[in-house]
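Report on the structure given below.
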Amino acid sequence: MARTVYLDGEYLPETEAKVSIFDRGFVMGDGVYEVTSVLGGKLLDFAAHMTRLTRSLNELQMTNPLTEAQYLDAHRKLVELNDIDEGMVYLQVTRGNPGDRDFAFPPDDTPATVVMFTQSKPGLADNPQAKIGIKVISIPDLRWHRRDIKTVQLLYPSLAKMEAKHRGVDDAWFVEDGLVTEGTSNNTYIVKGGKIITRALSNDILHGITRASLLRFAREAQLQIEERSFSIAEAQAADEAFFTSASAFVMPVVEVDGVKVGTGTPGPVATRLREIYLDESRKAAV
Ligand code: PDD
């Protein structure tokens with residue numbers, strides 16, 4: 001059955017949703033996006049995703065074309081129409097269609113293009129991978145220096161993901177000046193002596209929504225947190241490692257560049273944090 005997707009105010013079968021070849025998102029990668037998880041048919045961390053969307057748009061001098069209430073309504077409608085129990089809603093806003101290709105921004109009154117679609121992922125919360133853990137390799141971080149803006153320019157993360165696959169592992173961690181920035185599509189953490197260590201927020205990394213919620217839950221559970229950068233060698237010598245994202249929640253990392261982390265199995269802190277994150281987020285889901 002074809003999905004129903006959202007395009008500029010309309011709900012359409014996916015085969016009928018068409019965007020211009022001149023759309024700035026298509027020719028310039030000029031757009032931003034959000035991915036919101038769905039569990040039990042409800043949206044996780046929705047308000048925070050909307051706050052980050054507005055921030056990303058503002059950083060690119062775009063006005064948010066819809067209100068939070070309109071986005072919420074559309075997200076809920078798509079979840080319902082596509083019968084999503086567990087999965088994601090993808091949302092993309094581009095600078096629209098100027099009718100030609102030009103590096104300069106189109107006039108301010110050019111309507112943005114707004115696209116939303118669902119991805120059904122049954123078993124997302126119970127992902128068996130979380131019980132085994134994930135292996136990563138390190139790759140130089142060659143992305144631009146505004147990684148805090150969630151743009152659709154994902155070519156380098158895609159190349160890194162493919163390099164990881166070719167080398168027989170699941171994902172890659174980016175390294176800059178000898179320190180881990182983040183994963184291809186996630187924020188990274190290590191655990192040493194019971195302390196959770198994760199890079200501090202700056203323009204060098206995406207300000208993860210899952211990261212923000214997780215750190216709040218971890219503080220509430222009296223866990224110790226240190227926001228600072230770490231190297232691959234420190235990750236390899238850590239007791240545990242893990243990453244967070246809206247699509248993977250909390251995912252244990254058991255091997256970094258061929259070296260086992262801790263026992264080489266998901267550790268107790270990552271496992272507990274995954275449970276806490278899922279429990280608390282489900283309670284707050286809308
Ligand atoms: N990726 N860092 C990067 C580079 C990301 O692309 C993502 C999310 C994160 C985690 O952010 P959050 O917790 O808000 O999902 C960190 C999404 C899931 C994606 O591209 O599919």
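The analysis underlying the following values was restricted to heavy atoms, covering all of them including side chains, and did not include hydrogens, waters or symmetry mates. This one's a predicted model, so the numbers in the text were calculated from it and none came from an experiment. In each ligand, atom 1 is the first atom listed, and ligand 1 is the first ligand listed.
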key: Contact partition for T184 relative to ligand 1, non-hydrogen atoms under 4.0 Å   = backbone
For residues 102-116, tabulate all N or O donor-acceptor pairs below 3.5 Å that involve a side-chain atom, not counting sequence neighbours.
from: D102; atom 1: OD1; to: A104; atom 2: N; distance (Å): 3.2
from: T110; atom 1: OG1; to: P107; atom 2: O; distance (Å): 2.7
from: T113; atom 1: OG1; to: D23; atom 2: OD2; distance (Å): 2.5

query = Which residue holds the protein heavy atom closest to atom 8 (C) of ligand 1, what is that atom called, and what is the gap in Å?
reply = K150 NZ, 3.2 Å
message = Does E226, at its CD atom, have more than 12 non-hydrogen atoms belonging to other residues, nucleotides or ligands within less than 6.0 Å?
response = yes
request  = Identify whether L39 and V286 are in the same connected component of the hydrophobic contact network (ILVMFWY, side-chain heavy atoms under 4.5 Å).
outcome  = no
key: Structural part of H207 in contact with ligand 1, heavy atom criterion under 4.0 angstrom   = neither
query = Do S213 and Y277 have side-chain atoms, one donor and one acceptor, less than 3.5 Å apart?
reply = no
message = The test is salt bridge (Lys or Arg N to Asp or Glu O under 4.0 Å); show your working for E182 and R199 and say whether it passes.
response = CA-CA 8 Å; E182 56 188 339; R199 195 176 175 109; over 6 Å; no
ask   = Does E34 have a non-hydrogen atom less than 4.0 Å from ligand 1?
value = no
query = Do any nitrogen or oxygen atoms of G183 lie less than 3.5 angstrom from nitrogen or oxygen atoms of ligand 1?
reply = no
query = Which protein heavy atom lies closest to atom 21 (O) of ligand 1, and at what distance to 0.1 Å?
reply = V35 CG2, 3.7 Å
task = List the closest protein heavy-atom neighbour of atom 15 (O) of ligand 1: residue, atom name, distance to the nearest 0.1 Å.
result = A246 N, 2.8 Å
query = Would Y71 and N64 count as having a side-chain donor-acceptor pair, cut-off 3.5 Å?
reply = yes
request  = Please could you name the atoms of ligand 1 that R143 approaches to less than 4.0 Å, counting only its heavy atoms?
outcome  = 4 (C)
inquiry  = I'd like to know whether ligand 1 has R147 as a neighbour, heavy-atom separation below 4.0 Å.
reply    = no
Atom of A285, atom of K42 and distance for their closest heavy-atom approach = CB-CB, 3.6 Å
key: ligand 1 contact by Y90, heavy-atom criterion under 4.0 angstrom   = no
key: For atom 13 (O) of ligand 1, the protein heavy atom that lies nearest, with its residue and separation   = T210 OG1, 2.6 Å
message = Out of S213, A48, G208, S185, who is nearest to atom 6 (O) of ligand 1 when you count heavy atoms only?
response = S185
query = Within less than 4.0 angstrom of ligand 1, does Q119 place any heavy atom?
reply = no
task = Give the residue and atom name of whichever protein heavy atom lies nearest to atom 18 (C) of ligand 1, and the separation in Å to one decimal.
result = S247 OG, 3.6 Å
inquiry  = Checking a contact table here: which protein heavy atom is nearest atom 19 (C) of ligand 1, and how many Å away?
reply    = Y33 OH, 3.7 Å
inquiry  = Test salt bridge (Lys or Arg N to Asp or Glu O under 4.0 Å) on R211 and E227; report intermediate values, then the result.
reply    = CA-CA 11 Å; R211 177 189 184 280; E227 292 188 61; 2.7 Å; yes
query = For atom 3 (C) of ligand 1, which candidate among R52, E182, R211 holds the nearest heavy atom?
reply = E182
inquiry  = Strictly distance-based, threshold 3.5 Å: is any side-chain N or O of E240 a donor or acceptor partner for the main-chain N or O of V269?
reply    = yes
task = Give, for atom CG of L179 and atom OG of S229, the distance between the pair rounded to the nearest 0.5 Å.
result = 5.0 Å
note = On a heavy-atom basis, the closest approach of F243 and W173 is CD2-NE1, 4.4 Å
note = shortest atom 10 (C) of ligand 1-to-protein heavy-atom contact is with N187 OD1, 3.7 Å
